[in-house]
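What follows is one structure encoded as structure tokens, with my remarks underneath.
Remember, it's 1-based here, ligands and their atoms both numbered in the order they're listed.
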Amino acid sequence: MSVLKQLVAELNSGALKVVDLTQPLGPDTPVIGLPEMFGASPGVTMKVISRFDDKGPAWYWNTISMGEHTGTHFDAPVHWITGKDLPDNACDTIPAKRFVGPACVIDVTADVAKDEDFLLTPARIEAWEKEHGKIPAGAWVLLRTGWNTRTDPAKFLNVGENGPHSPGFHADASRLLANDRNVLGVGVETVGTDAGQAGGFDPPFPNHTIMHGAGKFGLASLRNLDQLPATGAVVIAAPLKLVNGSGSPLRVLALAPA
Ligand code: 23J
Ligand code: MN
């Protein structure tokens, strides 16, 4: 049987499942807060155009407005200064082939339960590889932290007196994944692909700096990573084809053994 026929058969039989890795997107969706001197990214506004009324007696539709980096969203290389001059670096020019890849899920939930500022290290990646095999080129590396259980926006953003606290990547881990493993990108359950405190790291926001400088992508605010195996799932994460877009909200889907 061809691989696509088998795919359809196994989706129909229930041997494979489709896992939705996306948060609901609406006015209550939490957005990142940056220090005041920087521009703020607005969350979601929806306005009714018509709803079976004078403006449209038989149809319902809305306008939507939001920052590109709202909710479950994609970060393109052009989002960061390090990626601004790379070829095919924006939402409309990235080849669609690069939106699909095998998922490697690294579970650091227990570490994050002890330390909200936990950072993934190269040693931790190598320990994962000892157990599950080498991260293949073109993989989506998804960091499972347990942050998805924080459905209260205040707990999700977790802003303290000295800024936000949430887990992320050590700069050397981002270098290993981007340069040595040649991943498609990384995905996280938190509001952004850098740790909450990463504005004060060297370089600031190291994961954005390194990933996007290497032409790699980011996925933020993922859910349901606990429903994926460490390896063996395929992730499809295609942003809107926004002309010159730096990112966009998207529906992230995984195909996984049921
Ligand atoms: C701009 C500045 C810092 C960060 C971000 C955006 C994001 O997390 C994002 O959504 O790309 S950390
Ligand atoms: Mn973003």
Side-chain angles (χ1 to χ4, degrees), residues 21-23 25 29-44 64-84 86 89-92 94 98-99 116-120 140-143 145 147-148 150 153 156-160 162-171 173-174 177-178 183-223 225 235 237-242 244-252:
L21 306 184
T22 317
Q23 282 184 0
L25 183 64
T29 301
V31 292
I32 195 168
L34 295 175
E36 266 185 47
M37 62 261 221
F38 302 122
S41 182
V44 174
I64 53 174
S65 167
M66 73 200 76
E68 288 172 323
H69 297 250
T70 302
T72 301
H73 74 270
F74 182 94
D75 290 352
V78 73
H79 176 43
W80 219 255
I81 191 165
T82 48
K84 75 182 179 62
L86 294 175
N89 61 356
C91 286
D92 58 328
I94 297 165
R98 301 191 64 211
F99 300 139
E116 296 176 331
D117 298 307
F118 176 84
L119 301 179
L120 187 74
W140 283 111
V141 172
L142 307 179
L143 187 62
T145 56
W147 215 258
N148 62 312
R150 295 178 176 239
F156 180 75
L157 297 173
N158 202 32
V159 180
N162 56 355
H165 292 271
S166 57
F169 300 88
H170 192 283
S174 299
L177 294 172
V183 299
L184 285 177
V186 293
V188 298
E189 296 170 334
T190 47
V191 75
T193 63
D194 265 293
Q197 290 284 293
F201 293 177
D202 180 23
F205 305 112
N207 186 71
H208 282 78
T209 302
I210 294 159
M211 280 295 150
H212 302 324
K216 311 307 187 192
F217 314 138
L219 297 172
S221 298
L222 297 175
R223 291 247 176 114
L225 295 185
V235 164
L240 298 179
K241 203 163 186 166
L242 286 174
N244 277 318
S246 78
S248 97
L250 79 176
R251 194 80 177 246
V252 182

Practice item. For G43 and T70, work out which heavy atoms get closest and say how close. Key: CA-CG2, 4.3 Å
Review point. Can you name the N/O/S atom of H69 that is nearest the Mn ion (ligand 2)?
Key: ND1
Exercise for review: Would you name the N/O/S atom of D75 that lies closest to the Mn ion (ligand 2)?
Suggested key: OD1
Exercise for review: Answer yes or no for W80: is there a heavy-atom contact with ligand 1 below 4.0 Å?
Suggested key: yes
Review point. Parallel, tilted or perpendicular: which describes the rings of F74 and W140, with under 30° parallel and over 60° perpendicular?
Key: perpendicular
Exercise for review: Take the angle between the ring planes of W80 and F205 and call it parallel below 30°, perpendicular above 60°, tilted in between.
Suggested key: perpendicular
Review point. Between the side chain of Q197 and the main-chain N/O of P164, is any donor-acceptor distance below 3.5 Å?
Key: yes
Review point. Under 3.5 Å, is there a donor-acceptor pair linking the side chains of H165 and N158?
Key: no
**Study point:** Distance-only polar pair, side chains of N207 and T193, donor-acceptor under 3.5 Å
**Key:** yes
Go through ligand 1 atom by atom and flag the ones less than 4.0 Å from a non-hydrogen atom of [X].
X    : result
G192 : 8 (O)
H69  : 9 (C), 10 (O), 11 (O)
H208 : 5 (C), 7 (C), 8 (O), 9 (C), 11 (O), 12 (S)

Point to revise | Contact (N/O only, under 3.5 Å) between D194 and ligand 1 | key: no
Check your understanding: Under 3.5 Å, N or O to N or O, is H73 touching ligand 1 that way?
Key -> yes
Check your understanding: Nearest non-hydrogen atom to atom 1 (C) of ligand 1 belongs to which of V191, D75, L34?
Key -> L34
Quick check: does [X] put an N/O/S atom under 2.8 Å from the Mn ion (ligand 2)?
X    : result
H208 : no
E68  : no
H79  : no

**Study point:** Heavy-atom check, side chain of L119 versus side chain of F201, under 4.5 Å
**Key:** yes
Practice item. Could you check if a side-chain atom of E68 sits within less than 4.5 angstrom of a side-chain atom of H79, using non-hydrogen atoms only? Key: no
Practice item. Select one of side chain, backbone, both or neither to describe which atoms of F205 lie under 4.0 Å from any atom of ligand 1, heavy atoms only. Key: side chain
